[in-house]
2 protein chains.
Amino acid sequence: MNMNRGNMNNAHPRRMTQQRRAILDAVARLGCHPTADQVFEMVRREMPKVSLSTVYRNLGILAEQGDILPVRGYGDEVHYDHNTHEHYHGICRICGRMIDLPADTVKASAMSDEWRERDGFEAEEIVVTVTGICSGCLNATQKG
Amino acid sequence: MNMNRGNMNNAHPRRMTQQRRAILDAVARLGCHPTADQVFEMVRREMPKVSLSTVYRNLGILAEQGDILPVRGYGDEVHYDHNTHEHYHGICRICGRMIDLPADTVKASAMSDEWRERDGFEAEEIVVTVTGICSGCLNATQKG
DNA sequence: ATAGGTGCAAAACTTTTGCGTCAAG
DNA sequence: CTTGACGCAAAAGTTTTGCACCTAT
């Protein structure tokens, strides 16, 4: 998906270490937008000597390479998303889970045009974060 | 604007202290979505003995009361907005300033309906954050 | 007078960094 | 071999908390 890995000019040849692979794997396998600490706990099961700083370092590198997507704005921690396609996030205020909401890019672009015309702001990246109630918690509520 | 101040049941009668008033004032006067530290620096000019923890405490209380709006997701710090009307935020990647973008609630609501129907997610609050280039920096760029 | 708020200092937390050693290419 | 990466420990940066004193109501 990202063949280039941010290594445009051979200046910083990245090595695919066991740790980096395990960390990328953990983000993908955990699925639900884990924080650095959650990734750490996951990786350390199979690789007990891994350090938290290695996890932070690699999450940063992987994000820089575009292999994962950092998600800020919910709580204090940064979450990481293995889904690098454009999409939005919904956070359930009951269970706290973060879910992916497929983006209708059309609408975001439409707003983008308005901002340029009305406010002179040239939008480059649009992040939408929605708080609400997920389907699971909605069902639970309706059942009693 | 918020007569009720989150004091539904008289359980926690809030006092309007000099510090709280000064902090609310500072957020309003600074305008540009200040962080706790920026508010602290502002308030301390007129009130040299004020403490940073008082600023944090009151920003939390004021946000809880709906007098100001916490803005997360850009950098590590929380920014505070005295504009409590629904609106979006644009962050200029050149000068770093955060500007208000008037919300076209229509489009956000439209997406909201789609999320409910397609993903079963009941949206309650939608936060849109846009990164790009503000009009000032756009002009500066074009001039050379 | 009562109890919410303040200032100070210390702690809590997330994230970053310096450094000697290890290992990927 | 070379040097990017690792693990550890220490530091940095933001935000919270405990506590004795103060002050709005």
Side-chain angles (χ1 to χ4, degrees), chain A residues 5-27 33-65 67-68 70-80 96, chain B residues 5-27 33-65 67-68 70-80 96:
Chain A
R5 338 198 104 243
N7 185 12
M8 231 72 95
N9 46 20
N10 277 29
H12 302 295
R14 298 293 192 192
R15 296 177 182 172
M16 181 49 71
T17 60
Q18 297 186 333
Q19 289 88 340
R20 187 162 303 159
R21 193 191 325 278
I23 289 162
L24 179 53
D25 246 53
V27 175
H33 316 80
T35 62
D37 206 68
Q38 291 174 311
V39 173
F40 176 53
E41 290 304 335
M42 178 91 212
V43 172
R44 108 193 292 188
R45 289 188 205 168
E46 309 260 293
M47 196 180 273
K49 294 212 65 175
V50 74
S51 75
L52 183 54
S53 62
T54 293
V55 172
Y56 272 105
R57 236 182 327 239
N58 279 296
L59 287 173
I61 290 170
L62 291 167
E64 190 183 286
Q65 290 177 173
D67 293 327
I68 59 177
V71 183
R72 292 168 179 275
Y74 183 63
D76 298 328
E77 301 125 300
V78 180
H79 294 245
Y80 291 90
Chain B
R5 337 197 105 244
N7 185 13
M8 232 68 96
N9 46 18
N10 277 28
H12 303 296
R14 296 294 192 190
R15 297 177 183 174
M16 182 48 71
T17 60
Q18 297 186 334
Q19 290 88 337
R20 188 162 302 160
R21 194 192 325 280
I23 289 163
L24 180 53
D25 246 54
V27 175
H33 316 80
T35 62
D37 207 67
Q38 292 174 311
V39 172
F40 177 54
E41 291 303 335
M42 177 91 211
V43 172
R44 110 193 287 190
R45 290 187 204 169
E46 311 259 293
M47 197 181 271
K49 295 213 65 177
V50 75
S51 74
L52 183 54
S53 62
T54 293
V55 171
Y56 272 105
R57 236 181 328 238
N58 279 296
L59 288 173
I61 289 170
L62 291 167
E64 190 183 286
Q65 291 177 172
D67 293 327
I68 59 177
V71 183
R72 292 168 179 277
Y74 183 62
D76 298 328
E77 302 125 299
V78 180
H79 294 246
Y80 291 92

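So you know, we letter chains A, B, ... as the sequences are listed, proteins then strands, and number each from 1.
Separating the CE atom of B:Met47 from the P atom of D:dT23 is a distance of 12 Å, rounded to the nearest angstrom. Put simply, CG on B:Asp76 is 13 Å from P on C:dT14, counting in whole angstrom units. Summarising the geometry, the separation between CE on B:Met16 and P on D:dT23 is reported as 18 Å, rounded to the nearest angstrom. Summarising the geometry, the separation between CD on A:Glu64 and P on D:dA5 is reported as 10 Å, rounded to the nearest angstrom. As rounded to whole Å, 13 Å separates atom C1' of C:dG25 from atom CZ of A:Arg21. Computed from coordinates, the B:Arg15 CZ to C:dT2 C1' distance equals 8 Å when rounded to whole Å. Separating the CG atom of A:Leu52 from the P atom of D:dA5 is a distance of 18 Å, rounded to the nearest angstrom. Atom CD in A:Gln38 sits roughly 16 Å away from atom C1' in C:dT15 (whole-Å rounding).
Each of D:dG7, C:dG4, C:dT6 was ranked by its minimum atom distance to the side chain of B:Thr54; first place goes to C:dT6. Candidate nucleotides D:dT14, C:dA24, C:dT6 were compared by shortest atom distance to the side chain of B:Glu77, and D:dT14 ranks first. Here the nucleotide nearest the side chain of B:Thr17, chosen from D:dA24, C:dC8, D:dC6, is D:dA24.
Residue-to-nucleotide proximity on DNA chain C shows that, of A:Val78 and B:Pro48, the 5′-proximal contact is made by B:Pro48. Nucleotides of DNA chain D nearest to B:Gln18 and B:Ala36 differ in position, and the one nearer the 5' end is that of B:Ala36. DNA chain C is contacted by both A:Asp37 and A:Arg57; A:Asp37 maps to the nucleotide lying nearer its 5′ end (nearest heavy atom per residue). The residue among A:Lys49 and B:Ser53 whose nearest nucleotide of DNA chain D lies closer to the 5′ end is A:Lys49.
Taking CD1 from A:Ile61 and CZ from A:Arg15, the interatomic distance works out to 11.5 Å, rounded to the nearest 0.5 Å. For the atom pair CZ of A:Arg57 and CG of A:Leu52, the computed distance is 10.0 Å after rounding to the nearest 0.5 Å. For the atom pair CG of A:Leu59 and OH of A:Tyr80, the computed distance is 5.0 Å after rounding to the nearest 0.5 Å.
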Next on the checklist: Between B:Leu24 and B:Arg21, does the side-chain contact (heavy atoms from CB on, under 4.5 Å) criterion hold? Intermediate values first, please.
Outcome noted: CA-CA 5 Å; B:Leu24 180 53; B:Arg21 194 192 325 280; 5.9 Å; no

Item to check | Dot-bracket line, read 5' to 3' along DNA chain C, where crossing pairs take [ ] and | marks a partner on another strand, Watson-Crick or G-U under 3.5 Å | outcome: |||||||||||||||||||||||||

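Contact annotation: A:Gln19 side-chain N/O to D:dG7 OP1/OP2 distance is under 4.0 Å. Between C:dG5 and B:Arg20, a contact under 4.0 Å exists linking OP1 or OP2 to a side-chain N or O. Between A:Thr35 and C:dT14, a side-chain N or O to OP1/OP2 separation shorter than 4.0 Å is absent. Distances shorter than 4.0 Å separate some side-chain N or O of A:Arg14 from OP1 or OP2 on D:dA5. Between B:Tyr56 and D:dT15 there is a side-chain polar atom (N or O) within less than 4.0 angstrom of OP1 or OP2.
Side-chain atoms of B:Arg72 come within 3.5 Å of backbone atoms of A:Gly75 as a donor-acceptor pair (strictly under, hydrogens ignored). Listed for the B:Gln38 side chain is a donor-acceptor partner under 3.5 Å among the backbone atoms of B:Thr35. Distance alone, capped at 3.5 Å, places no donor-acceptor pair between the A:His33 side chain and the A:His79 backbone.
Looking at heavy atoms from C-beta onward, A:Asp37 lies out of side-chain contact with A:Glu77 at the 4.5 angstrom threshold.
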